[in-house]
Colleague: 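Have a look at the structure that comes next, please.
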Amino acid sequence: MNRIIKIGMDVHSTNYTLCAMEPTFGSEERVFGETQVAPDYKEVLLFITSLKMKLGVDNKYSIECGYEAGCLGYTLYHQLTGAGIKCVILAPTTMLTQQGKRIKTDKRDAHLIAQCLCYGGYHPVYIPTGEDDSVKEYLRMRDDHKLALKKLKQQINAFALRHGHKYEGTKWTQKHLAWLKKLELDSMYRETMDEYLASYDQQEAKIERFDKRIEEIASEKQYQANVKKLGCLLGIKTHTALSLIVETGDFKRFAKGNTYAAFLGLAPGEHSSSTSINRTGISKAGNTHLRMLLIEAAKGICRGRVGAKSKELRSRQNGQSAEVIAYADRANERLRSKYYRMIRHSKKQNVAVAAIARELACFIWGMMTGNISIASATATSALAASQG
């Protein structure tokens, strides 16, 4: 007899809680075992072995493990699949949840994950290739340093202001840096400012080095063509384009552009009942990092004259096919004009920027899948829906 056993795993850095369940329809759930083990995939394999012994050697088994995406990343997945055990990672925002739940324990969480595996109440996380994952980590490391540089700038500005010095011009230009170096400060204060500025120079040099390395990675054969295509769109340069490619993986796994936008958490929510209709802001579910990058890209689009093409953009479009350039130009003009139209109709700036980011995601999907005409129509309907 073939039996299907699902093992829900609530995983933490300190322990794994396991729940083995057999899917049944029309009868009570069959839970074969629950336990808590050390955080080691070998303990999971021992649990599976003991489970097989408990069920008997005459049975044939199909065993599948699953755990919720979290701090462990893909490590446990690769360890189990390498040992011949089928494993999935569940996307938290797609999992069925217990209604009115008042008690949360690891045991209950493992039981819930097993239920999701048994009855299909989840969507699996996309597993990137090893190379894509390593590039993703490098890009995120660079962004972490960028955030550290931003904080350092704030600390330097605050230090100068606390001691009665306020710069009136554009900050963080060469003129501003020269002004900081020439400030008249007491000896200990001067030493403190010099240390701040030395840290600033080091951080700037690091980020410059990281950016050069990212350009080298983007020029590799497997990424070059797609990075150049995405670069034809306003607001998207090498870093953003490469991040979109390695973190999304296969764009064709999304049936439509607005499905891709929902994956990025850019889809608006709704909480309606009876005749009451209440549309909310974007869901903010899914990939936070890519959503942030697209919001930043949208802010870049929302500046400038409709139809204008800078020398830099023309340079990025150089060498692309006429079809790709026409599609990008159509997207750029539409996004920018739509933003100004929304502002004229009293939409809040943040709402308008989010709507542009959502439509930009649709155009990106079209560019990466070759569904250029379809993506254009999808983006139009998506923005119309977001405006309500």
Side-chain angles (χ1 to χ4, degrees), residues 9 11 13 41 44 64-95 113 116-117 122-146 210-211 213-231 236-257 259-266 284-294 296-297 360-362 364-371:
M9 303 185 294
V11 299
S13 61
Y41 82 99
V44 180
E64 180 181 3
C65 298
Y67 64 97
E68 189 178 349
C71 63
L72 296 185
Y74 310 109
T75 303
L76 182 56
Y77 169 86
H78 289 304
Q79 289 171 336
L80 290 175
T81 52
I85 303 298
K86 186 178 180 182
C87 184
V88 295
I89 304 176
L90 289 68
T93 55
T94 65
M95 292 171 56
I113 293 169
C116 290
L117 291 171
Y122 73 97
H123 287 296
V125 169
Y126 172 78
I127 308 299
T129 64
E131 188 171 7
D132 282 354
D133 189 50
S134 62
V135 173
K136 180 202 78 172
E137 295 289 0
Y138 190 89
L139 291 166
R140 292 197 175 193
M141 178 273 298
R142 180 266 183 194
D143 288 347
D144 289 340
H145 278 80
K146 192 75 173 178
F210 296 152
D211 287 341
R213 178 62 181 136
I214 290 169
E215 290 288 345
E216 292 174 5
I217 296 169
S219 64
E220 293 176 2
K221 185 178 180 180
Q222 67 269 38
Y223 302 126
Q224 187 177 36
N226 286 335
V227 167
K228 288 187 176 297
K229 280 184 181 180
L230 289 177
I236 298 182
K237 297 182 182 179
T238 303
H239 175 267
T240 302
L242 190 58
S243 295
L244 287 164
I245 291 165
V246 298
E247 297 208 32
T248 302
D250 183 11
F251 283 86
K252 292 183 179 179
R253 62 195 174 100
F254 301 100
K256 297 182 292 184
T259 306
Y260 179 57
F263 161 74
L264 300 177
L266 291 168
K284 295 185 179 179
N287 194 308
T288 305
H289 185 242
L290 292 186
R291 181 171 66 253
M292 179 193 70
L293 291 178
L294 284 189
E296 289 180 354
L360 175 61
C362 296
I364 289 169
W365 174 85
M367 184 76 83
M368 290 294 94
T369 58
N371 295 306

Colleague: How far apart are the closest heavy atoms of W365 and F251, and which atoms are they?
Modeller: NE1-O, 3.5 Å
Colleague: State the CG-CZ distance between L242 and R142, to the nearest 0.5 angstrom.
Modeller: 11.5 Å
Colleague: If you apply the rule side chain to side chain contact (heavy atoms under 4.5 Å, CB included), what do you find for Y77 with V125, and how did you get there?
Modeller: CA-CA 11 Å; Y77 169 86; V125 169; over 6 Å; no
Colleague: Mind checking whether I245 and V135 have side chains closer than 4.5 Å, heavy atoms only?
Modeller: no
Colleague: Return the minimal non-hydrogen interatomic distance between A361 and L266, and the atom names on each side.
Modeller: CB-CD1, 4.3 Å
Colleague: Could you go through the salt bridge (Lys or Arg N to Asp or Glu O under 4.0 Å) check for D133 and K136 one step at a time?
Modeller: CA-CA 5 Å; D133 189 50; K136 180 202 78 172; 3.3 Å; yes
Colleague: Mind listing the closest non-hydrogen atom pair of I89 and E68 along with its distance?
Modeller: CG2-C, 4.3 Å
Colleague: Is any side-chain heavy atom of I113 closer than 4.5 Å to one of M95?
Modeller: yes
Colleague: Holding to side chain to side chain donor-acceptor pair (under 3.5 Å), I want the full list of residues that pass it with E64, two or more places apart in sequence or in another chain.
Modeller: K6
Colleague: Identify, with sequence neighbours excluded, every residue that meets ring pair (Phe, Tyr, Trp, His ring centres under 6.0 Å) alongside H289.
Modeller: none
Colleague: Which heavy-atom pair separates L117 from C65 by the least distance, and what is that distance?
Modeller: CD1-C, 4.1 Å
Colleague: Could you walk me through whether E220 and E131 satisfy the side chain to side chain contact (heavy atoms under 4.5 Å, CB included) test, starting with their C-alpha distance in whole Å, then the side-chain angles of each, then the deciding distance to 0.1 Å, before giving a yes or no?
Modeller: CA-CA 12 Å; E220 293 176 2; E131 188 171 7; 3.9 Å; yes
Colleague: Of the non-hydrogen atoms in T75 and Y67, which two are nearest, and what is the gap between them?
Modeller: N-OH, 4.4 Å
Colleague: Measuring from T129:OG1 to Q222:CD, what's the distance to the nearest 0.5 Å?
Modeller: 8.5 Å
Colleague: Do you know the tightest heavy-atom contact between C87 and M9?
Modeller: SG-CE, 4.5 Å
Colleague: At what distance, to the nearest 0.5 angstrom, does OH of Y260 lie from CZ of R253?
Modeller: 8.5 Å
Colleague: Quick check for you: to the nearest 0.5 Å, what is the distance between I214 atom CD1 and S243 atom OG?
Modeller: 7.0 Å
Colleague: Checking Y223 against V246 for the side chain to side chain contact (heavy atoms under 4.5 Å, CB included) test, could you report, in this order, the C-alpha distance in whole Å, the side-chain angles of both residues, the deciding distance, and whether it holds?
Modeller: CA-CA 9 Å; Y223 302 126; V246 298; 3.7 Å; yes
Colleague: Is E137 salt-bridged to R140, going by a charged N under 4.0 Å from an acidic O?
Modeller: no
Colleague: Could you pull out all residues at least two apart from Y122 that satisfy ring pair (Phe, Tyr, Trp, His ring centres under 6.0 Å)?
Modeller: none
Colleague: Please step through side chain to side chain contact (heavy atoms under 4.5 Å, CB included) for the pair I364 and I236, ending with a clear verdict.
Modeller: CA-CA 10 Å; I364 289 169; I236 298 182; 3.6 Å; yes
Colleague: Counting only heavy atoms from other residues, nucleotides and ligands, does the tally under 6.0 Å from NE2 of H123 exceed 12?
Modeller: no
Colleague: With rounding to the nearest 0.5 Å, note down the distance linking CG in L139 to CG in D132.
Modeller: 10.5 Å
Colleague: Should the ring pair F210 and H145 be called parallel, tilted or perpendicular, given that the plane angle runs from 0 to 90° and is split at 30 and 60?
Modeller: perpendicular
Colleague: Got a second to check how far L294's CG is from N287's CG, nearest 0.5 Å?
Modeller: 9.5 Å
Colleague: Does the side chain of E215 reach to within under 4.5 Å of the side chain of S219, using non-hydrogen atoms?
Modeller: no
